[in-house]
Amino acid sequence: PAKSGKNAPKLTWKPIIRESSPSQPSQQPETIFENRLFQEQLTTSWAKDLQKILQEKKVYFFFSINAMGIDIKVGEKSLYDHLAVPLFAFMVDHPMYHIDRLNKGVANLIVSCVDKRHIAFLNKYMSGQYSKVFIPHGSSLVSEPTAESKRMKDRNIDIVFTSTYRDPDYYRQQWESQTPFISSLFDEIAERAMVCSDQSLMETAENVFVEKGIDLEYLHHRKFWLLLTQVDLYIRFQRKKEFVSFLSRLPVRIEIFGNGWESSRITTPHMKFNPPIGFIRAQEQMRNAKMVATVMPNFLEGGHERVFTSMLSGAISITNTNSFFTSNFEHQKSIWLYNFDYSGLEDELISVLSNHDRLQSIADEGRRLAQENHTWLTRANKIVEAVHCHKFFLS
């Protein structure tokens, strides 16, 4: 880059602080490039370290989770525009959680989304001209990914579920504290979204606004996004609670790991609630489980790290269905999909969990597909391709 090297610029950064931080991938993707990781929380010398790299290296692109670091400036200009080096913002959440970051006016920016519908959202509701690409979550194992996994007959846990919990009403109170009309408006959005699992939350909100004759321009306002993120979190935790309540009916061994489940008041002798565990410990539990359950965020055309990690661990991934999973896997052949009405699911799971040969067949096929198509290394190759395209067409 023209402005790196000995005359590397002085950097300033005022970080954006968020109250909540939804899921982030547990590993940085492997790439063919030399990497340097700068994390302001871990070192106070990050600016000097970054400046040193800019002086000594030719940086091809910057990589960031959820657009963190997009605020770094040279004077009044974005670092990335100043250096003519793109920032690749790998979004692991819905972009509505990061509006302040994405609306910073950085031109030399590539935003990747884990759900195809998030790209449509960016085109419609976010300002700025920048590159966009769909790249879902991936996964990698701490252990050798090609190593033999434990056979189903030797696995002691029937179902593992790793997830935190908070009372959904905590989030509902955020809009119920508004005026009666606004409270009723967001109640309707939330209630419809709970039953319209084939619609994005944004699509549901648009439909409610249209039916009530409310100006769609309000959908661009900050106050709307602040409350819609609370609706999204309400739905996530309500679905988690309903799913765990469903699991509690199964006469099989279930292990749940995560904070907050004591407040759910769900009790059963077959289900054990455990403290939260880190990524490495979670993989250990997955390698001893026959099935690993996931309740997806509101991703209708995207995947999730936990789904692929469980497959790589040799377990069957059980998750709510969407078009991404039905396009990349086959129900009851390489994955186990469910709808939120849980119709027939109880009998299906009880039956399959007693059939080790069938479990092994599904798990083996899911692991094969995950190894071939859904590792972080595979995603890293797509990231590099997107950077090549951005540099060619927009630089």
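Just so we're clear, the structure is a prediction, and the values are computed from it rather than from any experiment.
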ask   = Would you say K391's side chain and Y60's backbone share a donor-acceptor pair under 3.5 angstrom?
value = yes

ask   = Given the rule that I, L, V, M, F, W and Y join up when any side-chain heavy atoms are under 4.5 Å apart, are I350 and I362 in one cluster?
value = yes

task = Using the side chain to side chain contact (heavy atoms under 4.5 Å, CB included) rule, pick out the option among I110, L79, I70, L109 that qualifies with F62.
result = L79

message = Measuring from atom CE of M286 to atom CZ of R306, what distance do you get when rounded to the nearest 0.5 angstrom?
response = 6.5 Å

ask   = From F340 CZ over to E242 CD, what is the distance, rounded to the nearest 0.5 angstrom?
value = 8.5 Å

inquiry  = Please evaluate residues E385 and K382 with respect to the criterion salt bridge (charged side-chain N to carboxylate O under 4.0 Å, His left out), reporting the C-alpha separation (whole Å), side-chain torsions for both, the decisive distance (0.1 Å), and the verdict.
reply    = CA-CA 5 Å; E385 289 175 6; K382 296 299 294 183; 3.2 Å; yes

ask   = Under 3.5 Å, is there a donor-acceptor pair between the E301 and N322 side chains?
value = no

ask   = Is the backbone N or O of A107 less than 3.5 Å from a side-chain atom of D81, with the two atoms forming a donor-acceptor pair by type?
value = yes

message = Count I, L, V, M, F, W, Y as connected when their side-chain heavy atoms are under 4.5 Å apart, and connections chain through other members. Are I157 and V244 then in the same cluster?
response = no

ask   = Do the rings of F299 and H118 sit parallel, tilted or perpendicular, given the 30° and 60° boundaries?
value = perpendicular

message = When you group the ILVMFWY residues by side-chain heavy-atom contacts below 4.5 Å and let the links chain together, are L394 and V387 in the same group?
response = no

query = Does S327 reach the main-chain N or O of S323 with its side chain, forming a donor-acceptor pair under 3.5 Å?
reply = yes

query = What about W175 and Y234, are their ring centers closer than 6.0 Å?
reply = yes

key: Within the 6.0 Å centroid threshold, strictly below: F61 and Y80   = no

inquiry  = Classify the ring geometry of H94 against F121: parallel below 30°, tilted from 30° to 60°, perpendicular beyond 60°.
reply    = perpendicular

key: Test item: E188 side-chain N/O and S183 main-chain N/O as donor-acceptor pair under 3.5 Å   = no

query = Is the charged tip of R379 near the ring of F308: under 6.0 Å from the six-membered ring centre and within 45° of its axis?
reply = yes

request  = Answer with yes or no after comparing the ring centroid distance for F325 and H304 against a 6.0 Å cut-off, counting only values under it.
outcome  = no

message = Looking at Q360, is its backbone amide N or carbonyl O close enough to the side chain of K290 to form a donor-acceptor pair, meaning the two atoms are under 3.5 Å apart?
response = no

ask   = Are K124 and E206 within salt-bridge range, i.e. N to O under 4.0 Å?
value = yes

ask   = Hey, do the aromatic rings of F257 and F161 have their centres closer than 6.0 Å?
value = no

Ionic contact status for E284 with R281, cut-off 4.0 Å = yes

note = The single option from L228, L300, T229 that satisfies side chain to side chain contact (heavy atoms under 4.5 Å, CB included) with L201 is L228

request  = Determine the minimum heavy-atom distance between F209 and D215, stating which atoms define it.
outcome  = CD2-O, 3.9 Å

Main-chain N/O of R117 paired with D115 side-chain donor or acceptor, under 3.5 Å = yes

remark   = Minimal heavy-atom distance between M311 and A370, with the atoms involved, is CB-CB, 3.8 Å

key: Considering all heavy atoms, the nearest F134-V114 contact   = CE1-O, 3.4 Å

query = When the aromatic ring centroids of W376 and F90 are compared, is their separation below 6.0 Å?
reply = yes

note = Between the CG atom in L247 and the CD1 atom in I159, the distance rounded to the nearest 0.5 Å is 5.5 Å

R101 side-chain N/O to N66 backbone N/O, donor-acceptor pair under 3.5 Å = yes

ask   = Would you say the side-chain atoms of N108 pair up with the backbone N or O of L87, donor to acceptor, closer than 3.5 Å?
value = no

message = Rounded at 0.5 Å granularity, tell me how far CZ in R367 sits from OG in S317.
response = 14.5 Å

task = Would you kindly confirm whether I254 and V292 end up in one hydrophobic cluster when ILVMFWY residues are joined by side chain heavy atoms under 4.5 Å apart?
result = no

Residues, nucleotides or ligands: over 12 heavy atoms within 6.0 Å of E211 CD = yes

message = To the closest 0.5 Å, what do you measure between CD1 (I135) and CE (M91)?
response = 13.0 Å

key: Charged N-O contact under 4.0 Å between R368 and D364   = no

inquiry  = To check you understand the geometry: which heavy-atom pair defines the closest contact between L102 and Y130, and what is its length?
reply    = O-CE2, 4.4 Å

query = Do the side-chain N and O atoms of S139 and T309 include a donor-acceptor pair separated by under 3.5 angstrom?
reply = yes

key: Rounded distance (nearest 0.5 Å) linking atom CD of Q230 with atom OG of S177   = 9.5 Å

ask   = Can K241 and D167 be counted as an ion pair, charged N to O under 4.0 angstrom?
value = no

ask   = Honestly curious: do V160 and I266 fall in one hydrophobic cluster under the side-chain, below-4.5 Å linking rule?
value = no

inquiry  = A quick test of your reading: do over 12 heavy atoms of other residues, nucleotides or ligands sit less than 6.0 Å from CD of Q129?
reply    = no

Which atom of Q174 lies closest to which atom of L227, heavy atoms considered = O-CD2, 3.6 Å

note = Smallest heavy-atom separation, A67 atom then S64 atom, equals C-OG, 3.2 Å

message = Donor-acceptor check, side chain of N298 to backbone of S200, threshold 3.5 angstrom: yes or no?
response = no

key: N/O donor-acceptor pair under 3.5 Å between W261 side chain and N274 backbone   = no

task = Over 60° means perpendicular and under 30° means parallel, so classify the ring planes of F186 and F224, tilted if in between.
result = tilted

request  = Please lay out, stage by stage, how R253 and D158 fare under the test salt bridge (charged side-chain N to carboxylate O under 4.0 Å, His left out).
outcome  = CA-CA 5 Å; R253 180 183 172 187; D158 290 302; over 6 Å; no

